Number of protein chains: 2
Amino acid sequence: MKKITIGDAARQSGVKVPTIRYYESIGLLAAPSRSEGNQRSYEVSDIRRLAFVRHARELGFEVDAIRALLTLQDDPHQSCASADAIAKARLIEVEQRIRSLTALKAELETMVEGCCHGRVDQCRVIEILADHGQCMHDHH
Amino acid sequence: MKKITIGDAARQSGVKVPTIRYYESIGLLAAPSRSEGNQRSYEVSDIRRLAFVRHARELGFEVDAIRALLTLQDDPHQSCASADAIAKARLIEVEQRIRSLTALKAELETMVEGCCHGRVDQCRVIEILADHGQCMHDHH
DNA sequence: TCTTGCACCTCTAGTGACTAGAGGATGTAG
DNA sequence: CTACATCCTCTAGTCACTAGAGGTGCAAGA
């Protein structure tokens with residue numbers, strides 16, 4: 001067995017070194033074996049697990065959701081209904097978030113277009129922020 | 001002058017009571033005068049300022065950006081170029097965020113569609129998360 | 001007048017998901 | 001053998017709040 005240091009694990013998985021230690025501390029990754037000199041020594045399966053976590057984090061899953069997904073992954077004979085439910089819930093969140101960001105974008109565009117490029121007292125950026133009544137969008 | 005309690009200020013501005021005290025502590029809102037019994041007493045202008053902050057926060061501006069906008073608002077004779085720049089920067093952020101969330105949405109849809117509703121070892125939700133190489137979108 | 005009960009006060013600590021830094025040990029290349 | 005990178009643990013900081021403890025102020029009903 002070749003030993004994978006935490007630095008190599010970080011490079012291969014794309015998860016930063018302190019973050020790997022953090023994941024270990026919150027129980028997302030099992031504590032690996034140690035070398036003579038007390039340095040962490042990872043297996044290839046740990047790298048895969050880290051890559052899984054990283055990808056899920058990039059997709060915006062919370063650590064608790066990832067923990068649930070990892071539990072499923074560890075026991076591949078159970079039903080995937082939970083994984084499906086987690087992904088679906090996240091999809092709904094994402095759709096909602098896109099809707100509200102799109103409304104927000106329109107509002108920011110109005111602000112920027114309305115900027116007179118002159119003095120603050122004629123500027124719609126400040127004006128729109130100051131008066132929520134001018135906000136037509138129900139992004140909030 | 002009628003005195004506005006912190007509770008009324010919260011109701012009128014939509015900013016929660018502890019959040020108002022927090023904003024005071026970080027210098028976003030000046031410390032108001034106090035009643036005999038040491039209770040905060042706000043002016044109408046404070047309510048407006050709080051509503052301004054709330055709206056800007058809802059639009060996703062960070063507290064530091066809001067601090068800059070408030071400084072501009074306090075001196076309406078200066079150029080609005082800074083306000084414009086802050087709003088434009090936020091607009092770019094929002095557009096970027098929408099793009100990456102849209103890519104993410106597509107990926108989540110692939111996951112959910114690919115779910116066999118059977119066992120985990122045939123489930124694309126887990127599979128796609130486990131293998132980032134299957135992710136075609138450069139949302140990250 | 002008393003009491004009930006809500007709203008207010010300050011202060012500390014917790015949240016999520018890390019990130020930064022101190023201070024020291026280990027491992028490797030020249 | 002000596003640099004120097006990498007590793008170790010531990011604590012504290014980030015952001016924008018939120019929660020809770022423990023105590024005070026105040027207005028209305030009995």
Side-chain angles (χ1 to χ4, degrees), chain A residues 2-29 31-42 46-47 49-70 86 89-90 93 97 140, chain B residues 2-29 31-42 46-47 49-70 86 89-90 93 97 140:
Chain A
K2 56 211 160 275
K3 43 192 164 175
I4 304 174
T5 66
I6 196 169
D8 286 337
R11 269 180 291 278
Q12 286 171 44
S13 68
V15 179
K16 288 186 206 149
V17 169
T19 307
I20 294 176
R21 286 195 279 249
Y22 168 70
Y23 285 161
E24 183 183 325
S25 80
I26 61 167
L28 216 53
L29 190 70
S33 58
R34 300 284 185 130
S35 73
E36 286 282 293
N38 197 34
Q39 303 204 347
R40 286 171 181 83
S41 181
Y42 292 94
D46 294 317
I47 310 296
R49 200 176 173 94
L50 279 169
F52 179 100
V53 173
R54 186 190 138 216
H55 192 196
R57 283 293 300 137
E58 280 169 346
L59 290 177
F61 288 88
E62 293 181 1
V63 164
D64 275 355
I66 296 173
R67 210 187 298 269
L69 289 170
L70 283 169
I86 293 170
R90 179 75 194 131
E93 269 173 46
R97 191 88 188 110
H140 37 263
Chain B
K2 52 202 160 285
K3 42 192 166 176
I4 304 174
T5 66
I6 196 169
D8 286 338
R11 269 180 291 280
Q12 286 172 44
S13 67
V15 179
K16 287 185 206 147
V17 169
T19 307
I20 294 176
R21 285 194 280 250
Y22 169 71
Y23 285 162
E24 182 183 324
S25 81
I26 62 169
L28 216 55
L29 190 70
S33 57
R34 300 285 184 128
S35 73
E36 285 282 294
N38 197 34
Q39 303 203 348
R40 288 170 181 82
S41 181
Y42 292 94
D46 294 318
I47 310 295
R49 199 174 175 96
L50 280 170
F52 180 101
V53 173
R54 185 188 140 219
H55 192 196
R57 284 293 300 138
E58 280 168 346
L59 291 176
F61 288 89
E62 293 181 359
V63 165
D64 274 355
I66 296 173
R67 210 187 299 270
L69 290 169
L70 282 169
I86 292 169
R90 178 74 193 132
E93 270 172 44
R97 192 91 188 107
H140 36 263

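Source: prediction; values computed, not measured. Side chains are part of it too, since the values below use all heavy atoms of this structure and drop only hydrogens, waters and symmetry mates.
Salt bridge status for A:Arg21 with A:Glu24: absent, with no side-chain N to carboxylate O gap under 4.0 Å.
Remark: C1' of C:dG16 and CZ of A:Arg57 are 8 Å apart, rounded to the nearest angstrom. Here the P atom of nucleotide C:dC18 and the CD1 atom of A:Ile66 are 8 Å apart, to the nearest Å. The CZ atom of B:Arg11 sits 14 Å away from the P atom of C:dC6 (whole-angstrom rounding).
B:Ile26 has its side chain within reach of B:Val63: a pair of non-hydrogen atoms, C-beta onward, lies under 4.5 Å apart. The side-chain heavy atoms of B:Ile20 and B:Asp46, taken from C-beta on, include no pair separated by under 4.5 Å. Under the 4.5 Å side-chain criterion, counting only non-hydrogen atoms from C-beta, B:Arg40 is in contact with B:Arg34. Using a 4.5 Å heavy-atom cutoff, the side chains of A:Arg67 and A:Asp64 are in contact.
Between C:dC8 and B:Arg40, no contact under 4.0 Å exists linking OP1 or OP2 to a side-chain N or O.
Applying the side-chain contact (heavy atoms from CB on, under 4.5 Å) test between A:Arg54 and each of A:Val15, A:Ile66, A:Thr19 identifies A:Val15 as the sole match.
Annotation: of the two residues near DNA chain D, B:Phe61 and B:Ser35, the 5′-most nearest-nucleotide partner is B:Phe61. In terms of position along DNA chain C, the nucleotide closest to B:Arg34 lies nearer the 5' end than the nucleotide closest to the other residue of the pair B:Arg34 and A:Gln39.
In summary, contact between chain B and DNA chain D, defined as any nucleotide atom under 4.0 Å from a heavy atom of the protein, begins and ends at D:dA16 to D:dC26 in the 5' to 3' direction.
Shortest non-hydrogen contact noted between B:Ala10 and B:Val17 is CB-CG2, 3.7 Å.
Near DNA chain D, meaning a heavy atom under 4.0 Å away, the residues from residues 16-24 of chain B are B:Lys16, B:Thr19, B:Tyr22, B:Tyr23.
With values rounded to the nearest 0.5 angstrom, A:Leu69 atom CG is found 4.0 Å from A:Ile86 atom CD1.
Within 6.0 Å of atom CD in A:Glu62, 12 or fewer heavy atoms from other residues, nucleotides or ligands are found, so the atom counts as exposed in its surroundings. When the shell of 6.0 Å around CD of B:Gln12 is examined, it contains more than 12 heavy atoms from other residues, nucleotides or ligands.
Panel note: side chain A:Arg49, backbone A:Leu28; a donor-acceptor pair is recorded below 3.5 Å.
Taking five base pairs at each end of the helix from C:dT1-D:dA30 to C:dG30-D:dC1 and finding the rotation axis that steps the C1' atoms of four pairs onto the next four gives two axes whose angle is 10°, to the nearest 10°.
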